[in-house]
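Below, read A as the first sequence line, B as the second, and so on, with proteins coming before strands; counting in each chain starts at 1.
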Protein chains: 2
Amino acid sequence: MEHMAPDELRIDRPPQTLRVIALDRLRAAIIAGRFPGGTRLVERTLCDQLGVSRSVVREVIRVLETEGLVETLPNRGPVVARLDWAQARQVYEIRRQLEGNAAEACAQRADAPVDAALAEALASIRDGGEDRVFAATTRFYEVIFTAAGHHIAWEIVQRLNGRISRLRALTLAAQDRAVPGPERMARIAAAIAARDGAAARRAVEEHLTEAAMLAQRALEGE
Amino acid sequence: MEHMAPDELRIDRPPQTLRVIALDRLRAAIIAGRFPGGTRLVERTLCDQLGVSRSVVREVIRVLETEGLVETLPNRGPVVARLDWAQARQVYEIRRQLEGNAAEACAQRADAPVDAALAEALASIRDGGEDRVFAATTRFYEVIFTAAGHHIAWEIVQRLNGRISRLRALTLAAQDRAVPGPERMARIAAAIAARDGAAARRAVEEHLTEAAMLAQRALEGE
DNA sequence: GTCTGTCCGATGGTATACCAACATACCATC
DNA sequence: GATGGTATGTTGGTATACCATCGGACAGAC
């Protein structure tokens with residue numbers, strides 16, 4: 001028996017529970033801007049749109065609420081959270097600290113597989129189109145945080161990214177940057193490959209400082 | 001009408017929803033160590049213990065799940081999250097960054113009312129007994145983060161503190177510190193009162209470095 | 001005795017129905 | 001036009017039912 005590949009036989013039933021699917025769908029919809037800030041999330045309407053029962057919708061909304069994407073007003077119900085520059089600024093500042101620190105730690109512990117994973121993500125960012133860039137960018141940072149061993153910081157950054165997701169889409173698509181986005185990423189990867197922690201931190205901080213500027217312009221233009 | 005104090009007439013019904021009460025109770029119970037790590041949280045049992053219906057319990061568990069205090073195993077149900085040093089170490093590192101940064105910003109923007117609020121919290125820490133210390137310490141940091149304008153960072157720190165709450169109780173109670181806890185807090189407050197950002201950051205970082213050491217000893221002693 | 005298959009209870013996941021409290025909009029009355 | 005009542009929509013909360021899964025108990029076959 002032991003010379004038989006168990007993976008071949010494995011029946012993989014989707015362990016995905018209905019709630020998880022509904023959560024991902026709704027979160028993605030909010031992040032994609034399908035529900036603008038301030039939109040009321042009426043439970044029964046969502047039941048129809050998602051095709052699930054009210055219990056599922058309610059639990060999903062509780063999760064999004066603690067994630068900060070939704071806030072519930074007393075006697076009014078859940079509403080898609082609005083985003084202003086005061087908040088976004090704080091988010092970028094926190095990301096700057098956590099990502100800078102992770103990049104430095106990553107540079108100190110990185111090995112060949114890490115370099116390869118970063119290069120791969122970078123390639124996807126370069127020639128991938130539209131939303132591929134979004135996923136590849138996320139992957140790029142995931143590699144950095146994981147290699148640094150900063151799993152909890154990565155959780156936090158992901159949650160923060162959910163909040164400013166609309167801005168992120170805008171800044172990633174911006175064409176008028178002083179230095180193109182992929183170029184900045186490449187610098188980060190290069191610093192890590194050179195095992196130069198200080199340079200990696202600097203590269204990340206520069207990247208985020210610029211992203212914050214772009215976000216500010218976009219937000220105040222609204 | 002307008003010369004009548006509306007506050008006098010106001011009937012303040014507790015806007016607290018049942019779910020919020022249940023959430024606070026259960027979270028407090030976990031933090032207090034009433035449910036040790038690994039304990040199964042059986043829905044129907046919690047219904048009896050809390051006196052609410054299963055829907056409420058489920059939504060509460062979803063919140064605690066995204067807060068990181070509870071994790072749900074597939075086909076097994078929710079379980080109180082365990083805490084190991086690898087995680088706690090990351091938490092203390094993140095707190096060091098966020099709290100250090102907040103203290104520095106606070107020192108640069110503080111005014112007389114902030115100094116007074118910090119002094120008040122400090123007094124409570126000094127002569128308050130047992131769990132008063134816990135609340136007063138929280139208050140102390142809340143003042144710092146709020147004065148710094150770092151509201152989102154404060155949210156994050158609070159959530160992180162939930163995760164390491166047991167450790168926090170231990171380290172706050174530790175008597176064998178090189179420098180007593182209140183003394184360290186006083187140094188932070190003094191640096192802020194002197195508007196010395198760098199010193200405030202340093203004081204916070206020292207405080208947390210020591211707390212992390214105490215936590216490590218406590219955790220590995222288990 | 002050990003292995004195998006089956007059954008049952010406990011549990012979580014999902015869905016539905018129902019009621020109460022509250023807020024808003026609308027409408028009739030004066 | 002202002003007042004008051006009413007209708008409606010929405011959330012909060014509860015109860016209940018059904019299904020899938022898991023683990024253990026039990027009985028039968030080797």
Partner of C:dA28 under the Watson-Crick or G-U wobble criteria, both distances under 3.5 Å, comes out as D:dT3
Requested in this report: Determine whether more than 12 heavy atoms belonging to other residues, nucleotides or ligands lie under 6.0 Å from atom CZ of B:Arg34.
Outcome: no
B:Ile21 CD1 to D:dG12 C1', in whole Å, measures 12 Å
Regarding the side chain of A:Glu43, the nearest nucleotide among C:dG12, D:dG12, C:dG13 is D:dG12
>> The test is side-chain hydrogen bond (donor to acceptor under 3.5 Å, both in side chains); show your working for A:Thr72 and A:Glu65 and say whether it passes.
In response: CA-CA 7 Å; A:Thr72 63; A:Glu65 196 180 346; 3.1 Å; yes
What does the list of N/O pairs under 3.5 Å between the protein and nucleotides 6-9 of chain D look like, with a distance for each?
none

Among C:dA15, C:dG12, D:dT10, the one nearest any side-chain atom of A:Arg40 is D:dT10
A:Leu23 atom CG is separated from C:dT14 atom C1', nearest whole Å, by 16 Å
*Give one of base, sugar-phosphate or nothing for A:Leu41, where a contact means two heavy atoms less than 4.0 Å apart.*
sugar-phosphate
When B:Val42 and A:Ser55 are each assigned the nearest nucleotide of DNA chain C, the 5'-most assignment goes to B:Val42
Is B:Arg82 paired with B:Glu71 through a side-chain N to carboxylate O contact shorter than 4.0 Å? no
Assert: residue with more 5' nearest nucleotide on DNA chain D, out of B:Val52 and B:Arg44, is B:Val52
Rounded to whole Å, CG of A:Leu18 lies from C1' of D:dC19 at a distance of 13 Å
Exercise. Taking side chain as C-beta onward, heavy atoms only, is A:Arg89 less than 4.5 Å from A:Gln216?
Worked result: no
Between A:Arg62 and A:Glu59, does at least one N-O distance fall below 4.0 Å, as a salt bridge requires?
no
Among the nucleotides C:dA15, C:dT11, D:dG13, whichever has the atom closest to the side chain of B:Arg19 is D:dG13
Determine whether a donor-acceptor pair (N or O, by modelled atom type, separation under 3.5 Å) exists between the side chain of B:Gln90 and the backbone of A:His151. yes
To the nearest angstrom, the CG-C1' distance between A:Leu73 and C:dC22 comes to 14 Å
Under-3.5 Å donor-acceptor pair between A:Arg58 side chain and D:dG13 base: no
Check: So, does the side chain of B:Arg54 form a donor-acceptor pair with the base of C:dG13 at under 3.5 Å?
Finding: yes
Under-4.0 Å salt bridge between A:Arg163 and A:Glu67: no
With the side chain defined as heavy atoms from C-beta on, B:Arg76 is closest, among C:dA15, C:dA23, D:dG23, to D:dG23
